[in-house]
K.L.:
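Got a structure for you, written out below as structure tokens; questions coming shortly.
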Amino acid sequence: MFRRRVYFDFAAASPLMPAARRAYVGALHVFGNPSAPHVEGRAARAIIDGARSSSAHSLSVKADELLFTSGGTESNALAILGTAWTHAITSTIEHRSVLASFRMAEQQGRAVTYIHPDQEGLVSVGAIQEALRPDTGLVSLHHAQSELGVVQSIAEVGRMLRAQPQRPLLHVDAAQTPLWIDAAPHSLQADLVSYDAQKVLGPKGVGILYRPFDIPLSPLVGGGSQERGIRPGTENTAAIAAAGVAFDAAARGRKIRCDAARRIQSALVDGLRVAVPDAVILGTMKQRLPNNVFFAISGIDGDYLAVLMDAEGVAVTPRSACVGSGGGYSEPALEITKDASLARGTVRFSFGPGTSFREAERALRALRRVLPIARGALY
């Protein structure tokens with residue numbers, strides 16, 4: 001058993017930062033219902049209000065413009081299914097929660113246009129503009145694709161939409177980005193933005209949806225007046241407290257964090273090209289998150305390779321965690337390569353603040369050791 005494992009799956013979930021853990025444990029002692037009028041309830045409400053204010057400060061928005069949800073998936077669903085539109089535009093490489101929400105909307109009789117990315121994983125602003133119709137009410141795009149790590153030109157999309165005579169709303173799934181690049185709604189020129197605390201060294205089970213007051217939004221479920229009546233149900237006070245700390249910390253020291261990650265990323269890419277010359281890096285490296293290296297090796301099973309790497313003490317995944325594991329393929333990889341063998345042989349290295357060169361080297365050594373086994377499994 002390894003004394004210390006190498007964790008390279010930050011795109012799926014990040015460890016809880018110490019300050020957020022302290023906030024979480026401290027809030028567990030405040031047991032009152034935040035909607036209750038007594039001292040215990042007001043104490044819980046004060047914790048939530050404080051977390052909302054700190055999160056809003058980190059995103060340069062008003063506190064009342066943030067809704068707490070159960071995570072990025074719910075935030076995406078609420079933005080897509082809770083707004084009124086008859087035609088929407090999205091891309092074919094969005095997160096499953098976005099694509100599933102649009103499939104549900106289509107079942108309700110609403111129309112959706114799906115834009116295909118180019119071979120680098122980039123969604124063209126021109127293609128979105130060409131797809132606009134007089135009745136287009138919503139455009140939904142990710143800030144950074146969770147597998148490819150490719151960062152889209154969201155602000156350019158937002159400016160283009162704002163210039164339209166009948167301006168559609170722009171929803172952005174920014175779950176992957178606040179730890180690394182500016183993901184504030186106004187910087188993105190976005191109307192609705194989804195965030196996920198577990199991607200920014202915060203807890204699982206808490207998300208944020210940015211939604212200003214002038215955008216009507218309908219709840220997906222009934223049952224209470226919490227979160228301005230849009231997201232009913234008793235708030236998870238402890239997790240929200242920890243999320244507030246994590247989002248506040250994510251906005252500070254971003255350049256130093258990003259520069260350090262770029263150095264690790266470069267070392268991984270260089271080492272990968274030496275160790276596995278036939279590995280294909282998927283998605284452009286020019287517009288990419290600094291903590292992502294997503295590659296494919298034709299003729300292997302990415303799921304099996306991830307199991308072998310796990311046995312070596314290195315945690316990686318073949319694709320987004322929402323897809324699950326076992327005999328699958330990366331949908332974004334298939335979309336940009338049109339190569340089923342590559343799409344089945346994907347591996348995602350996603351790391352975080354504090355990841356060392358030694359850990360990167362160890363991951364590459366593990367890959368070299370297990371690759372012959374993974375190759376031989378198909379023969």
Side-chain angles (χ1 to χ4, degrees), residues 61 64-117 123-146 152-175 183-196 207-222 227-232 322:
V61 297
D64 287 345
E65 294 176 322
L66 300 185
L67 302 173
F68 286 118
T69 68
S70 65
T73 291
E74 185 185 1
S75 293
N76 287 337
L78 189 55
I80 294 166
L81 296 172
T83 48
W85 49 270
T86 56
H87 174 253
I89 300 170
T90 190
S91 87
T92 56
I93 57 169
E94 297 302 311
H95 189 268
R96 278 240 178 148
S97 61
V98 169
L99 294 176
S101 294
F102 277 116
R103 299 299 184 204
M104 293 175 65
E106 287 178 305
Q107 292 173 0
Q108 298 169 356
R110 299 197 258 184
V112 182
T113 298
Y114 297 90
I115 304 297
H116 296 273
V123 179
S124 165
V125 179
I128 296 170
Q129 187 168 11
E130 289 179 6
L132 290 173
R133 301 182 348 190
D135 63 339
T136 303
L138 179 69
V139 174
S140 179
L141 294 171
H142 56 259
H143 192 192
Q145 214 285 327
S146 62
Q152 305 296 334
S153 302
I154 293 298
E156 188 177 345
V157 174
R159 285 190 289 270
M160 180 273 290
L161 294 177
R162 289 171 187 267
Q164 302 304 310
Q166 295 183 345
R167 182 173 75 84
L169 297 176
L170 174 61
H171 164 247
V172 178
D173 175 2
H186 301 306
S187 298
L188 298 175
Q189 299 288 303
D191 302 290
L192 299 154
V193 188
S194 302
Y195 303 97
D196 192 342
I208 290 175
L209 176 63
Y210 164 75
R211 173 262 187 175
F213 280 101
D214 61 348
I215 296 178
L217 195 62
S218 300
L220 301 184
V221 296
E227 298 303 302
R228 302 190 342 229
I230 295 172
R231 202 276 178 175
C322 67

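Quick note: numbers below take in every heavy atom, side chains included, and nothing from hydrogens, waters or symmetry partners.
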K.L.:
List the atom of Leu78, the atom of Pro219, and the distance in Å for their closest heavy-atom pair.
P.N.:
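Answer, listing the atom of Leu78 first, then Pro219: CD1-CA, 4.4 Å.
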
K.L.:
If we ignore hydrogens and angles and just use 3.5 Å, is the side chain of Trp85 paired with the main-chain N or O of Ile80 as donor and acceptor?
P.N.:
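Yes, because the side chain of Trp85 sits within donor-acceptor range (under 3.5 Å) of the backbone of Ile80.
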
K.L.:
First locate atom CG of Asp173, then atom OG1 of Thr73, and finally report the distance between them rounded to the nearest 0.5 Å.
P.N.:
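Reported value, rounded in 0.5 Å steps: 8.5 Å.
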
K.L.:
Could you go through His186 and Val61, starting from their C-alpha distance and side-chain angles, then the distance that decides it, and tell me whether this counts as side-chain contact (heavy atoms from CB on, under 4.5 Å)?
P.N.:
CA-CA 8 Å; His186 301 306; Val61 297; 3.9 Å; yes

K.L.:
Test your reading of the model: is there a side-chain donor-acceptor pair from Gln152 to the backbone of Val123, 3.5 Å cut-off?
P.N.:
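Checking the backbone N and O of Val123 against the side chain of Gln152, a donor-acceptor pair under 3.5 Å is found.
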
K.L.:
Counting only N and O atoms by type, is there a donor-acceptor contact under 3.5 Å from the side chain of Asp196 to the main-chain atoms of Gly71?
P.N.:
no

K.L.:
Using every non-hydrogen atom in the two residues, find where Ser194 and His171 come nearest and quote the distance to one decimal.
P.N.:
OG-NE2, 2.8 Å

K.L.:
Does Leu99 form a side-chain contact (heavy atoms from CB on, under 4.5 Å) with Tyr114? I'd like the steps, not just the answer.
P.N.:
CA-CA 10 Å; Leu99 294 176; Tyr114 297 90; 4.0 Å; yes

K.L.:
Can you give me the closest heavy-atom contact between His95 and Ser146, atom names plus distance?
P.N.:
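Reported closest heavy-atom pair: CD2-OG, 4.2 Å.
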
K.L.:
Is Arg159 salt-bridged to Glu156, going by a charged N under 4.0 Å from an acidic O?
P.N.:
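Judged by the 4.0 Å cut-off on N to carboxylate O distance, Arg159 and Glu156 do not form a salt bridge.
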
K.L.:
Tell me which donor-acceptor pairs under 3.5 Å the side chains of residues 125-138 have, and how far apart each pair is, sequence neighbours excluded?
P.N.:
| residue | atom | partner | partner atom | Å |
| --- | --- | --- | --- | --- |
| Arg133 | NE | Asp135 | OD1 | 3.0 |
| Arg133 | NH2 | Asp135 | OD1 | 3.4 |
| Arg133 | NH2 | Asp135 | OD2 | 2.9 |
| Asp135 | OD2 | Thr86 | OG1 | 3.4 |
| Thr136 | OG1 | His87 | ND1 | 2.7 |
| Thr136 | OG1 | Arg133 | N | 2.7 |
| Thr136 | OG1 | Arg133 | O | 3.2 |

K.L.:
Within the structure provided, determine whether Ser75 and Ile208 are in side-chain contact (heavy-atom separation under 4.5 Å).
P.N.:
no

K.L.:
Once rounded to the nearest 0.5 Å, what's the spacing between atom CZ of Arg167 and atom CG of Leu161?
P.N.:
7.5 Å

K.L.:
Indicate the atoms forming the closest heavy-atom contact of Leu220 with Gly82, along with that distance.
P.N.:
CD2-N, 4.1 Å

K.L.:
I'd like to know if the side chain of Tyr195 and the backbone of Ala183 have a donor-acceptor N/O pair within less than 3.5 Å.
P.N.:
yes

K.L.:
Flag yes if more than 12 heavy atoms outside Gln166 fall under 6.0 Å of its CD atom; otherwise flag no.
P.N.:
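No, the 6.0 Å shell around CD holds no more than 12 heavy atoms from other groups.
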
K.L.:
For Glu227, give me all partners under side chain to side chain contact (heavy atoms under 4.5 Å, CB included), at least two apart in sequence or on another chain.
P.N.:
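Glu227 satisfies side chain to side chain contact (heavy atoms under 4.5 Å, CB included) with Arg52, Leu67, Phe68, Arg231, Glu235 once adjacent residues are dropped.
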
K.L.:
Nearest 0.5 Å, please: how far is OG in Ser124 from NE2 in His116?
P.N.:
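Going from NE2 on His116 over to OG on Ser124, the span is 13.0 Å.
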
K.L.:
Between Thr90 and Ser140 (side chain of the first, backbone of the second, donor and acceptor by atom type, cut-off under 3.5 Å), is there such a pair?
P.N.:
yes

K.L.:
Hey, what do you get for CD (Glu106) to CD (Gln108), rounding to the nearest 0.5 Å?
P.N.:
10.5 Å

K.L.:
Of all the heavy-atom pairs spanning His142 and Ser91, show the shortest one and how long it is.
P.N.:
CE1-OG, 4.1 Å

K.L.:
CD1 of Ile215 to CG of Leu169: how many Å apart, nearest 0.5 Å?
P.N.:
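One gets 5.0 Å once the value is rounded to the nearest 0.5 Å.
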
K.L.:
When rounded to the nearest 0.5 angstrom, what is the spacing between CE in Met160 and CD in Gln189?
P.N.:
12.0 Å

K.L.:
Taking all atoms of both residues into account, what is the closest heavy-atom pair of Leu170 and Asp191, and its distance?
P.N.:
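Closest heavy-atom pair between Leu170 and Asp191: N-OD2, 2.7 Å.
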
K.L.:
Apply side-chain contact (heavy atoms from CB on, under 4.5 Å) to the pair Leu209 and Leu217, showing each step before the final yes or no.
P.N.:
CA-CA 11 Å; Leu209 176 63; Leu217 195 62; 3.8 Å; yes

K.L.:
Could you go through the side-chain contact (heavy atoms from CB on, under 4.5 Å) check for Leu141 and Glu94 one step at a time?
P.N.:
CA-CA 7 Å; Leu141 294 171; Glu94 297 302 311; 3.7 Å; yes

